[in-house]
Number of protein chains: 2
Amino acid sequence: MATRRNDPDRRDRIIDAALAVIAEGGVAGTSHRRVADRAGVPLGSMTYHFTSMEELLHEAFTRFAERISERFAARLSGVTHRGQLASAIVDLVHSDLVEGPDDLVLTLELYTLAARKPSFRQITHDWMRRSRDVLEQHVDAKTAHKLDALIEGLFIHVSLDATPHGRDVTRDAVLRFLPS
Amino acid sequence: MATRRNDPDRRDRIIDAALAVIAEGGVAGTSHRRVADRAGVPLGSMTYHFTSMEELLHEAFTRFAERISERFAARLSGVTHRGQLASAIVDLVHSDLVEGPDDLVLTLELYTLAARKPSFRQITHDWMRRSRDVLEQHVDAKTAHKLDALIEGLFIHVSLDATPHGRDVTRDAVLRFLPS
DNA sequence: TGTCGATATGTACGAACGTACACATGAAGG
DNA sequence: CCTTCATGTGTACGTTCGTACATATCGACA
């Protein structure tokens, strides 16, 4: 039987195109037509592959959250002692967003959706759980909660503040939660 | 001269209606017509009072941020010693969002806008500055930065996590930044 | 009181939208 | 080779949108 038709990963490309469109114009500016154009597929493919816009958004943000989690785990893997862990977290907060400002936008778009619709909250639940799992390889559960929240806040403030704090401030804040 | 016409605070009502509509359906679901209906004014009033949707959103979020800042300052005023300050912050993180879940949605909507459009970033800049000013009545500047970010992260995680941390965890985290 | 101009409103238009659905396409099995 | 039918596409419909603009409304001043 194999492939019925010739483009098996078209669905994947639509999802990636959706993330690009969302990053560019927000969920507010995302439409079937725009995503279709970006992915290079006909409008009809949208409703064929996805029942609704909500389904597409859900799959797109699920993929996005998994990607970020992977990067998070990668940065913190191989870290053995306190100083390295702190450095890795400082890099996460201060460097990652310079590489990809899209990640900030997508993160906030997801949070906004999650704040209103329970179906999207599952995505943030899983994301936060994965983050804590990684952190718990280095610290206890309660500290993981605190650290995760701190990282979140630092990341947002570095991104949206006019006079953001420096790496030294981040490092000092993080170290307060790491047992010496 | 006085009032040219009979409804001087119509503009105000439109702004409040806009915040209600945004809280309900997000920026994505906000239109001139919906805001007009909510405010009980004709569609024509929208373009008369506001040049564009963006102008309306800008004024609405400015008002929102100022309101939150006032509440923030009020909660932290009259606090004298370390334990009281910690308690006040714990209340902010854990109670305020129960009272008004709309605040979480509006906050995230604003951040999302700010992440993409510099004109809205001014609103978050001012907001964060005001928060730090309040905190600096109790701690030094660098600590204020850390505390502000921590509060942000704790607030978001309490709101969007399936298994959020308790008040005790928040309190312990906050106390780590308050000099004993 | 009558007129004038600032203030405010109703309506209409073109663009963009989600969605439905009739139809094209081509691989699989007879 | 030919039929069949799952897979995929083009188009058209009804709705909603932002915006423009002609028109209505009424306070202020002569």
Side-chain angles (χ1 to χ4, degrees), chain A residues 1-62 109-110 112-113 116-117 119-120, chain B residues 1-62 109-110 112-113 116-117 119-120:
Chain A
M1 29 190 78
T3 62
R4 279 276 169 204
R5 203 61 175 272
N6 55 355
D7 199 352
D9 49 24
R10 162 163 309 210
R11 226 183 108 94
D12 276 348
R13 282 195 293 118
I14 292 175
I15 292 175
D16 282 334
L19 284 174
V21 170
I22 294 166
E24 192 175 295
V27 170
T30 300
S31 69
H32 279 163
R33 286 160 217 265
R34 257 198 268 268
V35 175
D37 283 351
R38 172 72 73 129
V41 302
L43 175 61
S45 278
M46 290 294 127
T47 47
Y48 178 74
H49 287 286
F50 302 93
T51 309
S52 66
M53 194 69 207
E54 174 146 339
E55 183 185 327
L56 172 57
L57 290 178
H58 202 275
E59 294 216 30
F61 279 116
T62 299
E109 291 280 356
L110 170 57
T112 303
L113 246 50
R116 201 182 343 270
K117 302 186 184 178
S119 58
F120 286 90
Chain B
M1 26 191 80
T3 62
R4 278 278 169 203
R5 204 63 174 272
N6 55 356
D7 199 353
D9 48 26
R10 162 164 308 213
R11 227 184 107 93
D12 277 347
R13 282 195 292 119
I14 291 175
I15 292 174
D16 282 333
L19 284 174
V21 170
I22 294 166
E24 193 175 296
V27 170
T30 300
S31 68
H32 280 163
R33 286 160 217 264
R34 260 199 265 268
V35 175
D37 283 353
R38 172 72 72 126
V41 302
L43 174 61
S45 278
M46 290 293 128
T47 47
Y48 178 74
H49 286 288
F50 302 92
T51 308
S52 66
M53 194 68 205
E54 174 147 338
E55 183 185 328
L56 173 57
L57 290 177
H58 202 274
E59 294 215 30
F61 279 115
T62 299
E109 291 280 356
L110 170 57
T112 303
L113 246 48
R116 202 182 344 270
K117 300 185 186 178
S119 58
F120 285 89

Nearest-Å distance for atom pair [atom1]/[atom2], residues [X] and [N]:
X      : N       : atom1 : atom2 : value
D37(A) : dG18(C) : CG    : P     : 12 Å
H49(B) : dT19(D) : NE2   : C1'   : 16 Å
L57(A) : dG18(C) : CG    : P     : 10 Å
R13(B) : dA8(C)  : CZ    : P     : 12 Å
M46(B) : dT7(C)  : CE    : P     : 18 Å
H32(A) : dT19(C) : NE2   : C1'   : 9 Å
L43(B) : dT11(C) : CG    : P     : 11 Å
F50(B) : dG18(D) : CZ    : P     : 14 Å

*asked:* Using every non-hydrogen atom in the two residues, find where S119(B) and E54(B) come nearest and quote the distance to one decimal.
replied: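 Of all heavy-atom pairs spanning S119(B) and E54(B), the closest is OG-OE2, 3.4 Å.
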
Side-chain donor-acceptor pairs under 3.5 Å in residues 37-47 of chain B, sequence neighbours left out?
| unit_1 | atom_1 | unit_2 | atom_2 | d |
| --- | --- | --- | --- | --- |
| R38(B) | NH2 | E24(B) | OE1 | 2.5 |
| S45(B) | OG | R10(B) | NH1 | 3.3 |
| T47(B) | OG1 | G44(B) | O | 3.4 |

*Quick one: which of dT19(C), dT19(D), dT7(D) gets closest to the side chain of Y48(A)?*
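Of the options given, the side chain of Y48(A) lies nearest dT7(D).
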
OP1 or OP2 of [N] less than 4.0 angstrom from a side-chain nitrogen or oxygen of [X], does that happen here?
X      : N       : result
R10(B) : dT9(C)  : yes
R33(A) : dA15(C) : no
S31(B) : dC17(D) : yes
S45(B) : dT9(C)  : yes

*Take the angle between the ring planes of H58(A) and F120(A) and call it parallel below 30°, perpendicular above 60°, tilted in between.*
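Because their plane-to-plane angle lies in the 30° to 60° range, the rings of H58(A) and F120(A) count as tilted.
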
*Do the side chains of T30(B) and L56(B) get nearer than 4.5 Å, heavy atoms only?*
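L56(B) vs T30(B): side chains apart.
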
